[in-house]
Amino acid sequence: MAPAKKGILERLDAGEVVIGDGGFVFALEKRGYVKAGPWTPEAAVEHPEAVRQLHREFLRSGSNVMQTFTFYASDDKLENRGNKLSLTGAQINEAACDLAREVANEGDALVAGGVCQTPSYLSCKSETEVKAILKKQLDVFVKKDVDFLIAEYFEHVEEAVWAVEVLKETGKPVAACLCIGPDGDMHGVSPGECAVRLVKAGAQIVGVNCHFDPMTCVKAVKMMKEGVEKAGLKAHYMVQPLAYHTPDCSCQGFIDLPEFPFGLEPRILSRWDMHAYAREAYNTGIRFIGGCCGFEPYHIRAVAEELAPERGYLPEASEKHGNWGAGLEMHTKPWVRARARRDYWENLKPASGRPLCPSMSSPDGWGITKGHSDLMQQTEATSKDQLKQLFDRSKSQ
């Protein structure tokens, strides 16, 4: 019988680096298994082989955590704005747990059950109603005995606190991530104050995921860490950012960019950018380091390679990757062989190959959040009249 794996808190308490996985929603949308718009994870049931393979690639690349593909798997999101599915949230969540566990058992990885923000909160439903939605997902995670829980992708700390309070009822370790930058949540609560509220609610691990690029997210988590320490509290810290450069984003993050979601490719970080991110996160005191939308397995491999001295080993996928381009020594062309060195890739300023494109965009700034009538959700499909109003407003911005 295999020895029991160390739990997430045991690893973090010992100062170990824990590497998360990458972005399932965007990766599977590009592969044809997720629909952009609803972004719901029914692929866990409809195409388990695709989800399993992505888990496996992240595991080979160095991930220590297989996060269940349960993003937006709450019942209110599965039937939002005309998104009619024959599957229930419970069916999707159960299948996702089984896939994550199957692959986690192939290595030294843990399974994290994940919940995220709900349409019910944006529609100003009560705390009791929102917690009931989250509780339905939680019941599956308890049944499947995931190793720990993550409340992630919350724009408002209030809802994140509600989620933490629900997750704590299981007795399992709880991590909580907001999708915020240094300006704080969508109601203007600073990162430091957000973190304090989450820790007081019971989260042992706090941080940031999605919406912003790695260095911006690391900065936000640093502010969280400072706030927690100033309050005399203790926590571990995690970061799972975008794999896109977002220096021009406003408080809402990359969703405001005109390129979202189908024109973001020119913004993708290189594997060498990920080395810098991993080192900056580690030096900031963050020990749970992963990725979100845009992160592919090779990005996670780069994180694992950068932190190999601290972890004591390289990931399996590094067998096919020369350190800092060393494999190019075997290339047939001499000028490419000349690139088999760290200083070349570390100092490269990649061109986009798009001579008419700007380096920055002007984000949409509609300035609406929870409580605004435009964010009230509905089960019916968005009507043509509703779309026309949005199109007209967009043109006038």
Side-chain angles (χ1 to χ4, degrees), residues 4-25 27 41 44 51-71 73 93 96-116 141 144-153 167 170 172-177 203-210 214 217 221 235-241 243 274 277-278 281-282 286-293 295-308 310-311 313 315-317:
K5 296 177 183 178
K6 290 190 291 185
I8 186 65
L9 294 181
E10 188 179 358
R11 298 181 192 210
L12 293 173
D13 286 343
E16 294 182 21
V17 174
V18 173
I19 295 183
D21 56 12
F24 275 67
V25 171
V51 178
R52 182 186 296 109
Q53 179 63 22
L54 193 52
H55 275 307
R56 190 165 284 141
E57 289 178 19
F58 282 124
L59 181 72
R60 291 188 73 254
S61 296
S63 295
N64 302 120
V65 176
M66 298 293 104
Q67 192 166 332
T68 58
F69 183 42
T70 51
F71 180 80
N93 287 319
C97 286
D98 289 342
L99 290 168
R101 178 63 70 191
E102 176 188 345
V103 177
N105 286 344
E106 296 174 6
D108 186 33
L110 302 172
V111 174
V115 301
C116 62
F141 298 143
K144 293 295 184 178
D145 195 26
V146 299
D147 297 304
F148 69 104
L149 299 161
I150 299 179
E152 68 165 7
Y153 196 77
L167 300 187
T170 67
K172 293 181 179 293
V174 174
C177 281
Q204 294 111 322
I205 309 164
V206 295
V208 166
N209 81 296
C210 207
C217 286
V221 177
H236 295 292
Y237 301 93
M238 67 182 292
V239 62
Q240 300 208 104
M274 294 303 177
Y277 151 59
Y282 184 86
I286 303 168
R287 292 296 178 267
F288 188 151
I289 304 169
C292 199
C293 298
F295 262 76
E296 292 281 348
Y298 75 93
H299 289 125
I300 292 297
R301 181 180 63 189
V303 171
E305 289 179 344
E306 175 63 29
L307 298 176
E310 288 76 16
R311 299 175 82 210
Y313 61 94
E316 184 180 354

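As the structure is a computational prediction, the values presented were derived from the model and not from experiment.
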Considering all heavy atoms of both residues, which atom of [X] and which atom of [Y] are nearest to each other, and what is their separation?
X	Y	result
Ala281	Ile289	CB-CD1, 3.8 Å
Gln240	Gly291	OE1-N, 3.6 Å
Asn209	Cys292	ND2-SG, 3.6 Å
Ile19	Ile300	CG2-CG2, 3.9 Å
Pro241	Gly290	CD-O, 3.3 Å
Ala104	Lys5	O-NZ, 2.8 Å

Is any side-chain heavy atom of [X] closer than 4.5 Å to a side-chain heavy atom of [Y]?
X	Y	result
Tyr277	Val239	yes
Arg11	Leu110	yes
Glu316	Leu59	no
Val146	Cys97	yes
Ile8	Met238	no

Within the distance-only criterion (no hydrogens, no angle test), does the side chain of [X] pair as donor or acceptor with the backbone N or O of [Y] below 3.5 angstrom?
X	Y	answer
Asp21	Ser63	no
Thr68	Gly114	yes
Gln204	Val174	yes
Arg301	Pro315	no

Hey, mind stepping through Phe24 and Phe58 against ring pair (Phe, Tyr, Trp, His ring centres under 6.0 Å) and telling me if it holds?
CA-CA 10 Å; Phe24 275 67; Phe58 282 124; 5.6 Å; yes

Quick one: pull up [atom1] in [X] and [atom2] in [Y] and give me the separation to the nearest 0.5 Å.
X	Y	atom1	atom2	value
Ile205	Cys177	CD1	SG	9.0 Å
His55	Leu99	NE2	CG	6.0 Å
Glu305	Arg311	CD	CZ	10.5 Å
Tyr313	Asp108	OH	CG	6.5 Å
Leu9	His236	CG	NE2	5.5 Å

Using the rule side chain to side chain contact (heavy atoms under 4.5 Å, CB included), only one of Arg52, Arg60, Glu57, Gln53 pairs with Val103; which is it?
Arg52

Is Asp147 paired with Arg101 through a side-chain N to carboxylate O contact shorter than 4.0 Å?
yes

Lys/Arg-Asp/Glu bridge criterion (N-O < 4.0 Å) met for Asp145, Lys172:
yes

Assess whether side chain to side chain contact (heavy atoms under 4.5 Å, CB included) is satisfied between Phe141 and Val115, documenting all intermediate values.
CA-CA 10 Å; Phe141 298 143; Val115 301; 3.7 Å; yes

Hey, would you say the Phe71 and Tyr153 ring centroids sit under 6.0 Å apart?
yes

Taking the six-membered ring of Tyr282 as reference, does the cationic atom of Arg287 (NZ for Lys, CZ for Arg) lie under 6.0 Å from its centre and within 45° of its axis?
yes

